[in-house]
A.B. asks: 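Can you keep this structure in mind? I'll have questions shortly.
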2 protein chains.
Amino acid sequence: MTETTQDGSARTSSTRHQGLDRDDVIDAALELVERGGGDALTMRKLAAELGVSPTTIYWHIGNRDELVLAVVRRQAERQAATRVRGRSAQERVSSAARNIWRNALAHRNVTALATQAGATTLLELPLETTLVAELEVAGVRGVAARDALRSILAVIAGFLVLTWRRDDVPDELHPATLWAQVDDDRLSSQTLTALKGRSDPDKLFERTMRSVVEGILADVDR
Amino acid sequence: MTETTQDGSARTSSTRHQGLDRDDVIDAALELVERGGGDALTMRKLAAELGVSPTTIYWHIGNRDELVLAVVRRQAERQAATRVRGRSAQERVSSAARNIWRNALAHRNVTALATQAGATTLLELPLETTLVAELEVAGVRGVAARDALRSILAVIAGFLVLTWRRDDVPDELHPATLWAQVDDDRLSSQTLTALKGRSDPDKLFERTMRSVVEGILADVDR
DNA sequence: ACCTGAACACCGTTCAAGT
DNA sequence: ACCTGAACACCGTTCAAGT
């Protein structure tokens, strides 16, 4: 059993099956998630990937919940602090918010996993800190800053849910399909037609976020 | 085997183990979800609940995915159309949005299940239609109405994610706990203190939604 | 038409045992 | 210290078989 490896693939640079450490396990787990989503992260698949018995995972990490948290933490480290752009307060706050949004889009599988595990703050804390810093510069402080942050994060989370839904869902559940079956007197035909189409999530995000940030900044002067 | 029932509980008014039909299965499934969340909806538990073998479920409904959709459809029927309040366009649109939000809070388990299955539109279509109708009255039509709807739904979804997270998640993952460990020069001490506290999700929802609806209605006159 | 039992291919997790 | 094998209690799903 010591001689045979599952398949011939030489994946990571590290040796496997002996000298395996916690970091190797987490790296492999993150890779598994990025390739196949959170559902692909099973103890058995991960063990197979590492050429090791499932119980070995339990020795290095605790159980699956702890593994997920470790994966999220690793991704959090990798999310290098991105730069904030813009001159006005409005622009800079929006830019910091957009950074979180774009990052989540770029790493959707890990982000979805974190959301599911209730660990989004763990994942985004550095980026959120930057956002709050920009709010401070804009004069939003204390409880107002906290509420502003939560508000902005809610909008981001909402758009992520909306965007994620598009791919993996059967056609019969798409809004476009369902609206095509609606026939209501209260709605004009032009609106009904529009509802059968798709929105550009990026443009919509920008517009919505602008309204929310404007609302937040408007409260400062009171 | 025909004589013994799992336990002595007489649950629904209908007979069980014979004369069981599709509707009974869906009702029991919905009840299971409302009690224990989506994870509690397993074919085997549902079968046990009905005093029947798991394979029977497959005969009446298809597989688990179809069962979930059936459950969501049933809940959609039950969500009686709620009344829209307010006089101004701003108030009425917000009221229609709030109806969706409140409904989701009241039936969080089914709503979470629907979200997970990508079937929120299936669940909310009647309430969404009412919302669009109010947008029409406010002069928002066609593509603008569609985008406004999606925008508003994103905000609702975001606040749901934010609110759901509060209960079932370990303390070490709560924003309050994580922010307590942050020490960043860019943040004032009063803001750091505030970040350790919780926001009132309802108030925050109202304020954020007001900004978004204002933004939507402001575009009408252009 | 309606339901069961056995079976398959998966899970997470524990525990005694090996080196 | 690090790893394995066997086992337990769960999943969803299929399929031949019973009435």
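Residue numbers start from 1 in every chain, and the chains themselves are labelled A, B, ... in the order their sequence lines are given, proteins ahead of strands. As the structure is a prediction and not an experimental result, all values here were calculated from the model.
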A.B. asks: For B:Arg64 and D:dT14, what is the distance between atoms CZ and P respectively, to the nearest whole Å?
C.D. replies: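 These atoms are roughly 15 Å apart.
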A.B. asks: Compare the minimum distances between each of C:dC3, C:dT4, C:dT13 and the side chain of A:Arg44, then state the nucleotide with the smallest one.
C.D. replies: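 It is C:dT13.
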A.B. asks: Relative to the ring of A:Trp101, is the ring of A:Phe205 parallel (under 30°), tilted (30 to 60°) or perpendicular (over 60°)?
C.D. replies: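 Aromatic pair A:Phe205/A:Trp101 classed parallel.
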A.B. asks: How long is the line joining CD1 of B:Ile57 and P of C:dT4, in whole Å?
C.D. replies: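 Checked: the CD1 to P distance equals 9 Å.
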A.B. asks: Round to the nearest Å and state the distance from B:Leu41 atom CG to D:dC11 atom C1'.
C.D. replies: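 Answer to the nearest Å: 12 Å.
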A.B. asks: Which part of the nucleic acid, if any, lies within contact of B:Thr56, taking any heavy atom under 4.0 Å across all strands shown: a base, the sugar-phosphate backbone alone, or nothing?
C.D. replies: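 If one applies the 4.0 Å heavy-atom cut-off, B:Thr56 turns out to touch a base.
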A.B. asks: Could you check which of C:dT14, D:dG12, D:dT4 has an atom nearest any side-chain atom of A:Tyr58?
C.D. replies: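 That would be C:dT14.
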A.B. asks: Go through it in stages, so that I can follow the logic: the residues are B:Thr120 and A:Arg165, the test is side chain to side chain donor-acceptor pair (under 3.5 Å), and I'd like the CA-CA distance, side-chain angles, deciding distance and then a yes or no.
C.D. replies: CA-CA 10 Å; B:Thr120 51; A:Arg165 192 163 54 208; 2.4 Å; yes
A.B. asks: Go through the N and O atoms of the side chain of B:Thr42 and the base of D:dG12, and report whether any donor-acceptor pair is under 3.5 Å.
C.D. replies: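 No pair found.
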A.B. asks: Between D:dT13 atom P and B:Asn63 atom CG, what is the distance in whole Å?
C.D. replies: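 Whole-Å distance recorded here is 5 Å.
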A.B. asks: Return the value, rounded to whole Å, for the distance between atom CG of B:Leu46 and atom P of D:dG12.
C.D. replies: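 Going from B:Leu46 (CG) to D:dG12 (P), I get 10 Å.
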A.B. asks: Take atom CG of B:Leu32 and atom P of D:dC11, then tell me their distance rounded to the nearest Å.
C.D. replies: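 It is 11 Å, rounded to the nearest whole Å.
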A.B. asks: Tell me: CG of A:Leu20 to P of D:dA1, nearest whole Å?
C.D. replies: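 One finds 17 Å between P of D:dA1 and CG of A:Leu20, rounded.
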A.B. asks: If you check the B:His60 side chain, which of D:dC15, C:dC3, C:dC11 turns out closest?
C.D. replies: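 Of the options given, the side chain of B:His60 lies nearest C:dC3.
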A.B. asks: Identify, between B:Asp65 and A:Pro54, the residue whose nearest nucleotide on DNA chain D lies closer to the 5' end.
C.D. replies: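 Going by which nucleotide is closer to the 5' end, it is A:Pro54.
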A.B. asks: Between A:Arg98 and A:Met209, is any pair of side-chain heavy atoms under 4.5 Å apart?
C.D. replies: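 Counting from C-beta outward, A:Arg98 and A:Met209 never come under 4.5 Å.
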A.B. asks: Could you check how far CG of A:Asp39 sits from P of C:dC11, rounded to whole Å?
C.D. replies: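 Interatomic distance, CG of A:Asp39 to P of C:dC11: 11 Å.
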